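Note that this is a predicted model, so its numbers are computed, not measured.
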Amino acid sequence: QVQLVESGGGLVQPGGSLRLSCAASGNIFSIYEMGWYRQAPGKQREMVAIMSTSISTNYADSVKGRFTISRDNVNSVYLQMNSLEPEDTAVYYCYVNTTAKMGALMRRRDYWGQGTQVTVSS
């Protein structure tokens, strides 16, 4: 019903930059939130940045001033990551909260991408 396609992960040196992209597709009716979570080895998944269809934007304290979330169109979200640190190493997951059409039925729920690896190392 809803698919999230992520790209932009990779290996970067400390202090470098990456831009993650995510495109949502499927029987999307109304997107309420899009954003990014990450999960480092041995740790729980944590919120990185969320943007609502209002104007609300929420960042984790650890990335404020370094990461910027944006949306180019209705169904795409990006994460510009600057001044990357080894602690940013994780699998990054695109996230969307949306109402999706399934025939005559609609359901509002969370959807997740498959994840893209970001490794910050010299």
Side-chain angles (χ1 to χ4, degrees):
Q1 47 188 328
V2 175
Q3 297 183 58
L4 303 178
V5 180
E6 301 151 311
S7 63
L11 176 64
V12 66
Q13 294 183 329
S17 298
L18 287 172
R19 190 171 91 133
L20 305 183
S21 301
C22 176
S25 62
N27 297 325
I28 296 170
F29 180 74
S30 181
I31 293 176
Y32 295 92
E33 293 182 339
M34 295 190 76
W36 299 90
Y37 286 68
R38 68 185 181 187
Q39 187 168 21
K43 298 183 179 180
Q44 291 187 299
R45 188 174 299 186
E46 64 177 352
M47 186 274 292
V48 178
I50 295 291
M51 177 175 286
S52 73
T53 53
S54 301
I55 60 171
S56 298
T57 303
N58 191 22
Y59 293 94
D61 288 342
S62 60
V63 307
K64 287 181 178 178
R66 299 188 298 119
F67 292 9
T68 303
I69 189 170
S70 63
R71 294 178 66 181
D72 276 1
N73 54 54
V74 174
N75 293 343
S76 296
V77 65
Y78 306 89
L79 185 68
Q80 179 66 46
M81 304 186 294
N82 298 327
S83 302
L84 283 162
E85 305 168 353
E87 292 75 17
D88 296 315
T89 296
V91 177
Y92 284 70
Y93 297 90
C94 182
Y95 150 83
V96 61
N97 179 263
T98 184
T99 301
K101 292 182 178 180
M102 297 182 292
L105 301 177
M106 294 185 184
R107 295 287 187 272
R108 181 178 174 180
R109 61 182 66 180
D110 295 341
Y111 295 89
W112 299 89
Q114 294 298 309
T116 183
Q117 178 70 49
V118 172
T119 302
V120 184
S121 176
S122 59

Surrounding CD of Gln117 (heavy atoms of other residues, nucleotides or ligands, distance under 6.0 Å), is the total greater than 12?
yes
Are any non-hydrogen side-chain atoms of Arg38 and Glu46 less than 4.5 angstrom apart?
yes
For Phe67 and Leu18, run side chain to side chain contact (heavy atoms under 4.5 Å, CB included): C-alpha distance rounded to whole Å, both residues' side-chain angles, the deciding distance at 0.1 Å, then the answer.
CA-CA 10 Å; Phe67 292 9; Leu18 287 172; over 6 Å; no
Distance-minimising heavy-atom pair for Gln39 and Lys43:
NE2-O, 3.1 Å
Closest contact, heavy atoms only, Ile50 versus Trp36
CD1-N, 4.2 Å
Within the 4.5 Å heavy-atom criterion, are Arg45 and Trp112 side-chain neighbours or not?
yes
May I have the step-by-step check of side chain to side chain contact (heavy atoms under 4.5 Å, CB included) for Tyr59 and Thr68, ending in yes or no?
CA-CA 9 Å; Tyr59 293 94; Thr68 303; 3.9 Å; yes
Hydrophobic clusters here meaning ILVMFWY residues chained together by side-chain heavy-atom distances under 4.5 Å, can you tell me if Tyr95 and Met47 are in one?
yes
So CG of Leu79 and CD1 of Ile69: to nearest 0.5 Å the spacing works out to 6.5 Å
Between Tyr37 and Tyr78, is there shared hydrophobic-cluster membership here, with clusters defined by ILVMFWY side-chain heavy atoms closer than 4.5 Å?
no
Given 3.5 Å as the limit, does a donor-acceptor pair link the side chain of Thr98 with the main chain of Ser30, or not?
yes
Do the side chains of Gln80 and Arg19 get nearer than 4.5 Å, heavy atoms only?
yes
Chi angles and distances behind the side chain to side chain contact (heavy atoms under 4.5 Å, CB included) call for Val96, Ile28
CA-CA 10 Å; Val96 61; Ile28 296 170; over 6 Å; no
Checking the side chain of Gln1 only, and the main-chain atoms of Asn27 only, is there a donor and an acceptor separated by less than 3.5 Å?
no
Under a 3.5 Å cutoff, is there a donor and acceptor pairing between the side chains of Glu6 and Tyr93?
no
Treating Thr116 as the side-chain partner and Tyr92 as the backbone partner, does any N or O pair qualify as donor plus acceptor under 3.5 Å?
no
Reported CG-to-OG distance for the pair Asp88 and Ser62, which is rounded to 0.5 angstrom
7.0 Å
Rounded at 0.5 Å granularity, tell me how far OG in Ser122 sits from CG in Leu11.
9.5 Å
Nearest non-hydrogen partners of Asn82 and Ser17, listed with the distance:
OD1-OG, 2.8 Å
Do Ile31 and Leu4 belong together in a cluster built from hydrophobic side chains that touch within less than 4.5 Å?
yes
Going from OG1 on Thr99 to NZ on Lys101, what distance comes out if it is rounded to the nearest 0.5 angstrom?
10.5 Å
Could you check whether any side-chain heavy atom of Asn58 comes within less than 4.5 Å of a side-chain heavy atom of Glu33, counting everything from C-beta outward?
no
Residues Ser121 and Pro14: closest non-hydrogen pair is C-CD, 3.6 Å
Looking at Tyr32, I want to see if its OH is surrounded by more than 12 non-hydrogen atoms of other residues, nucleotides or ligands under 6.0 Å.
yes
In Å and rounded to the nearest 0.5 Å, what is the SG to CE distance from Cys94 to Met34?
4.5 Å
Contact summary for Leu84 and Met81, nearest pair of heavy atoms:
CD2-CB, 3.8 Å
Transitively linked via ILVMFWY side-chain contacts under 4.5 Å: Val2 with Val77?
yes
